[in-house]
Every structure is written in structure tokens, then in C-alpha cells.
Protein chains: 2
Amino acid sequence: MTSQDNELDKIRKLCDQAGMKLTPQRLEIFKELLSHEDHPSAELIFTKLRERLPTISLDTVYRTLASFDELGIIKKLNISNARTLFDTNIEQHHHFICTKCKRVEDIHWPDFDKANLPESVSALGSIQTRHLELHGICNQCLNKKNKG
Amino acid sequence: MTSQDNELDKIRKLCDQAGMKLTPQRLEIFKELLSHEDHPSAELIFTKLRERLPTISLDTVYRTLASFDELGIIKKLNISNARTLFDTNIEQHHHFICTKCKRVEDIHWPDFDKANLPESVSALGSIQTRHLELHGICNQCLNKKNKG
DNA sequence: TTCCTGATTAGGAATTATTCTTAATTAGGA
DNA sequence: TCCTAATTAAGAATAATTCCTAATCAGGAA
Ligand SMILES: [Mn+2]
Ligand SMILES: [Mn+2]
Ligand SMILES: [Zn+2]
Ligand SMILES: [Zn+2]
């Protein structure tokens, strides 16, 4: 059993539990997501997918990604005010964002994930998730600067 | 000398340093920002401002807020994929965001601001700012739920 | 099988936040 | 006063996302 089969089992179960049909479109969007390790946009998924599924519509991609987000299969990100990105990695992690080239890299920091929040925070409400954004200049952009 | 005079001095100096004229529009937008302790949108500033400056244009508000952001007078926030919010508080701080009502509250956590980042992070590039987003349900929404 | 029903989709129109274009206005310096 | 560069108002344009609707699909009942 390949790792993809494993993932396909997962989506079948999740759709079933949610009472959502696993249509060919949903299945293909899911498979396309599997081939992206990073943070694709709906537009990118749509464009790639159209190569082998020419009749897919952008609306279906948006709708399906929203459903997948609700099911917890992917995560919608709000890290730029341009297009929404989707995270194919649902493990708890954070992000580094290059202010020059907008590159988004995963950051893992389990010690921080476990750290207690200040007391003043619990006074605001019930906290469910924490997400750290580190902004700066990535190495690639730093190199360009030094050379150019 | 009132606290507002103090702030007005600040904007005069900053505009001067940046070689940017302090036009009546920019001054009024700045004064309007002073009256918002929270995270107003460009639209809100525009609407409020139009009451006493009926000819102001939305474009000028957007342009000026972008300039103020570049000068470091305010901070553009990307916490939702709806309208951009601007932070009138430029001191280092973080945010709690209610997933129900979209309320945005400031969080101060100086110990975290001083904490060293993991080594793997410095390998990605040069970090300039850190911004933590805590997502959850605010007390007001929790109360509504219990009552309703 | 055939019919019915509800879910889903494709396609395009609509929405909406933001930016762009352009002509008019402003203010300061020669 | 005249010139020039910066800035503005107004509305058009852009672009990401959502909405609308008719067509398609799939599963169950008859
Ligand atoms: Mn990620
Ligand atoms: Mn704030
Ligand atoms: Zn970069
Ligand atoms: Zn709330």
C-alpha cells in the first residue's frame, strides 16, 4: 500500500463521516493537493488540475478547498492581502514570510507550542489555536541584494 | 501641551524627514487615526472622516494609510481575507482574533518578544518582526452561546 | 429498469476591496 | 507672477472570491 493509497483512504473516510460525497472533482483536487508540499493558492490548484481535468471550474476548486478546510484536511491561511493560500500541512506549525519575495516557509517550534500563554490572554476568551508569523528577508533575497 | 499636540508634532517631523508634505488631508486622516484605539479599516476612516471633510476621497485614505504604514506611523494588518485593518498601536504586540465575531484584541507578551527563536529559523533568513495570532472564541461570543 | 430527489457542478455574472488613470488643484520657489 | 512637482478627487479598472442557475449526477424507491 503506497502512501498515496493511505491518504486516499483518509479522504474517503473523512468525506463519509461528514456525509459528503467523494466526487471525482473532490478526489482530483485532493490528489493535486497531495503533490504540493507547500502553500498553493486556489488559482494554482485550478490551473494545474485543468491540464488533466479540462472541465473543472474555478468555483468548484474554491468550494472544495473551503470544504476541506472545514473538515480539517487543509488549512486556509491569511498571510497576505493578495490571494488566499492553503496549507497542505495540518500539523501544528508556524511560518516565515519573506517581505521581498513573499516566500512562505514552515517553522516548527514545539517548545513554543507547549508554552503557557500569559494570564491576561485567558481573560479574553477561549484560545483554540496559536499561529506565529515571522517576517524578514529570506536567504535567496539576501544573496541577490549582495550580488546585485 | 496636550497629548494630541504631541502627536501632531510627531507627524510633522516624520513627514518632514520623509520629504512628504503634511497636506490637510493627511493631517485629518492622522487625527482620525488618533481617535481610534483599535484596528480600523480604510473604509471606516473614510466614512468617519467624510462627516467633517466631505470631499475626501477613499483613494486618498488608502494612499495615505499606505504612506503612514511605510513611515511606521501605523501598521497594516493581514489578519483576515476580508478588508485590511490598520493598527494604530505600533508598539510590539500580538493579537487575539475571535473566529465568531472577528473581534481583534491586543496582546502584550514581552517575555515572548525577548525569547530566542529556534536555530532552524535563523537558517531561513534574517528575521525582522514576530507576530503571534491567537484564534479562539471571545467572552462575548461564549456568553451569547450559553444564553442563546 | 425507470423515475424521483437532493447534491454537486460548470459557466458565467456579480460583488467588492483595492488600485489605477487622469485632469484639476495646490503650494513653494525662481 | 509663472513654473513645476506633488497631491488630490472622481470614477474607471482590476482581480480575488462568491453567487446564481440550469444541467448533470448518483442513489433509492417503485
Ligand atoms: Mn505551512
Ligand atoms: Mn493591535
Ligand atoms: Zn525572499
Ligand atoms: Zn467573538
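Lettering of chains follows the sequences in order, A, B, ..., and the numbering in each one begins at 1.
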Under 4.0 Å protein heavy-atom contact, by nucleotide of nucleotides 9-24 of chain D - B base, S sugar-phosphate only: BBB----SBBBB----

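We find that CG of A:Asn78 is positioned 15 Å from P of C:dA17, with the value rounded to whole Å. Atom C1' of nucleotide C:dA17 and atom CG of B:Leu44 are separated by 15 Å, given to the nearest angstrom. When the C1' atom of C:dA17 is taken as reference, atom CG of B:Leu77 falls 16 Å away, rounded to whole Å. If you measure from atom CG of A:Leu22 to atom C1' of C:dA7, you get 14 Å, rounded to the nearest angstrom. Between B:Met20 atom CE and D:dA5 atom C1' there is a gap of 16 Å when expressed in whole angstrom units. Taking atom CG of B:Asp16 as the reference point, atom C1' of C:dG28 lies 14 Å away to the nearest angstrom. Between A:Lys21 atom NZ and D:dC25 atom C1' the separation is 7 Å, expressed in whole Å. At whole-Å resolution of the value, CG in A:Leu65 and C1' in C:dT9 are 15 Å apart.
Under the Watson-Crick or G-U wobble criterion, with both distances below 3.5 Å, C:dT2 is paired with D:dA29.
With B:Arg12 contributing its side chain and B:Leu22 its backbone, the two residues share no donor-acceptor pair below 3.5 Å. Put simply, the side chain of B:Arg130 gets close to the backbone of B:Phe112: a donor and an acceptor are under 3.5 Å apart.
Residue pairs meeting the ring-ring contact (aromatic ring centres under 6.0 Å, His included) criterion with at least one member in residues 36-92 of chain A, sequence neighbours excluded, are A:His39-A:His95.
Of the options A:Asp87, A:Ile107, A:Asp113, a side-chain contact (heavy atoms from CB on, under 4.5 Å) to A:His93 is made by A:Asp87 and by none of the others.
Remark: A:Asp16 does not engage A:Lys13 in a salt bridge, criterion side-chain N to carboxylate O under 4.0 Å.
A:Glu28 is listed as a side-chain neighbour of A:Leu49, based on a closest heavy-atom distance under 4.5 Å.
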